J.: 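One structure, pasted below without further comment.
As the structure is a computational prediction, the values presented were derived from the model and not from experiment.
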Amino acid sequence: MHSLIEFILASSIALAFHFGLHLDKEAYTVFGVGLLLALGVHLVLHELAQVEKRFKKLFLQSHRLDALMAQLQDPVCISKGRTLISTTESLLEMLSKGIIPITEGEYYYEASRSLTACKKRIRAVNSLEITDWMAKVQKQNYYQDQVRALRSGISIHRIFVLRRFELSNPNILLTIRHQQQDGIDVRIAIFDELHLSGTEQVEMPVNFVLFDQKTLILRSPLLGIYYGKKVSSNTEVARFNRIYEILEQHARLPE
């Protein structure tokens, strides 16, 4: 449209020069310049339109979720869509930090893999949930992997964080003695006696395992979907090493 207007304007001026002022040379010059200008503007606008089309395509590809959200009409769908996007953003943020969310099945699978790759030492902090330790098949299999690792020369140190009343539970005492007999260095820390400042960022109840102080498997429910996470970030591994050392100061041998 802009090119057509410029062409008509140039033609009108050229006709005025030719018929009104009888300036033939100038008329041809104005017409030629106007024609070139109109053609140039047309080409520039055409290229801009192609760039805009390509940009929109790239934008929709990179912001496809936003485009799909814009199509939602039902309020319930909009609410669920926003929740899903928020969850996805949280997961991507964790992944960018080297934190891999894992389901319960993946938790024991990754723990067993890390155990196989471990060369020297395992340090674990656990609450003692009897229904897990005595009845859960995945946990029993993982524990047998630990016993085999002990026989291959790897040392395992475990701190159980217990409530004081749990010390009178015979099943808990039996589990502790059983692990000691298998060769695990077991200590207990009483939750009620732990006076940890918020600056230490200790999460309670604490359930994590450090393999050679390089890999961390942490049980910490995430987003209502995941059972825990696997971490190889040096910063996070160092932080949990620090947490272990703090708890170790409060831990003692079972009586």
J.: Could you measure the distance from the CZ atom of F208 to the CG atom of N126? Nearest 0.5 Å is fine.
T.: 9.0 Å
J.: What distance do I243 atom CD1 and E245 atom CD have between them, rounded to the nearest 0.5 Å?
T.: 10.5 Å
J.: Residues two or more places apart in sequence or in another chain: which of them pass salt bridge (charged side-chain N to carboxylate O under 4.0 Å, His left out) with E93?
T.: K97
J.: How many angstroms lie between atom OG of S114 and atom CD1 of I217, to the nearest 0.5 angstrom?
T.: 4.0 Å
J.: Check whether any side-chain heavy atom of K119 lies under 4.5 Å from a side-chain heavy atom of I154, and answer yes or no.
T.: no
J.: Tell me whether S112 contacts the main-chain N or O of Y108 through its side chain, where contact means a donor paired with an acceptor under 3.5 Å.
T.: yes
J.: Please collect all salt bridge (Lys or Arg N to Asp or Glu O under 4.0 Å) contacts where either partner lies in residues 140-155, sequence neighbours excluded, each pair once.
T.: D145-R148
J.: To the nearest 0.5 Å, tell me how far L150 CG sits from Q179 CD.
T.: 9.5 Å
J.: For the residue pair R219 and Y107, confirm or rule out a side-chain donor-acceptor distance under 3.5 Å.
T.: no
J.: Start with the C-alpha distance between R242 and R239, add both sets of side-chain angles, then the distance that settles side-chain contact (heavy atoms from CB on, under 4.5 Å), and finish with yes or no.
T.: CA-CA 5 Å; R242 172 65 175 156; R239 184 167 77 87; 5.6 Å; no
J.: Sequence neighbours left out, what passes ring-ring contact (aromatic ring centres under 6.0 Å, His included) with F160? Give chain and number order.
T.: W133
J.: Give every residue pair that meets the salt bridge (Lys or Arg N to Asp or Glu O under 4.0 Å) criterion with at least one member in residues 163-188, sequence neighbours excluded.
T.: R164-E193, D185-R187
J.: Over all heavy atoms of both residues, which pair between T103 and Y227 is shortest? Give the atoms and the distance, please.
T.: C-CB, 3.6 Å
J.: For the residue pair V125 and V161, what are the closest heavy atoms and their distance?
T.: CG1-CG2, 3.8 Å
J.: For side-chain contact (heavy atoms from CB on, under 4.5 Å), just list the numbers for L167 and I172, CA-CA rounded to whole Å, side-chain angles, deciding distance to a tenth of an Å, and then say yes or no.
T.: CA-CA 7 Å; L167 293 174; I172 286 179; over 6 Å; no
J.: Do the side chains of N207 and L218 get nearer than 4.5 Å, heavy atoms only?
T.: no
J.: How far apart are the C-alpha atoms of V209 and I122, what are their side-chain angles, what is the distance that settles it, and do they pass the side-chain contact (heavy atoms from CB on, under 4.5 Å) test?
T.: CA-CA 7 Å; V209 189; I122 295 169; 3.5 Å; yes
J.: How about I188 and R252: do any of their side-chain heavy atoms sit closer than 4.5 Å?
T.: yes
J.: Scan residues 167-189 for pairs that pass ring-ring contact (aromatic ring centres under 6.0 Å, His included), counting only residues two or more places apart or in two chains.
T.: Y143-H178
J.: Determine yes or no for a side-chain-to-main-chain donor-acceptor pair under 3.5 angstrom, with T175 supplying the side chain and N171 the backbone.
T.: yes
J.: Which pair of non-hydrogen atoms, one from E106 and one from P101, has the smallest distance, and what is that distance?
T.: OE1-O, 4.2 Å
J.: Say whether I176 and V147 are linked into one hydrophobic cluster, either directly or through other cluster members, by side-chain heavy-atom distances under 4.5 angstrom.
T.: yes
J.: Can you check whether K214's main-chain N or O pairs, donor with acceptor, with D212's side chain at less than 3.5 Å?
T.: no
J.: Enter the distance from S155:OG to I184:CD1 here, rounded to the nearest 0.5 Å.
T.: 11.0 Å
J.: Does Y244 have any ring-ring contact (aromatic ring centres under 6.0 Å, His included) partners at least two apart in sequence or in another chain, and if so, which?
T.: none
J.: Under the side chain to side chain donor-acceptor pair (under 3.5 Å) criterion, do R158 and Q146 qualify, and how do the steps go?
T.: CA-CA 11 Å; R158 172 167 287 119; Q146 293 177 55; 2.8 Å; yes
J.: Applying side-chain contact (heavy atoms from CB on, under 4.5 Å) to L162 and F191, what does each step give before you reach the verdict?
T.: CA-CA 6 Å; L162 306 175; F191 182 89; over 6 Å; no
J.: Could you report the tightest heavy-atom contact between A189 and I159, atom names first, then the distance?
T.: CB-CG2, 4.0 Å
J.: Quick check for you: to the nearest 0.5 Å, what is the distance between H157 atom NE2 and R123 atom CZ?
T.: 8.0 Å
J.: How about CG on D74, more than 12 heavy atoms from neighbouring residues, nucleotides or ligands closer than 6.0 Å, or not?
T.: yes
J.: Mind listing the closest non-hydrogen atom pair of F211 and A111 along with its distance?
T.: CZ-O, 3.7 Å
J.: Measure across S152 and A149 and return the closest heavy-atom pair with its distance rounded to 0.1 Å.
T.: OG-O, 2.7 Å
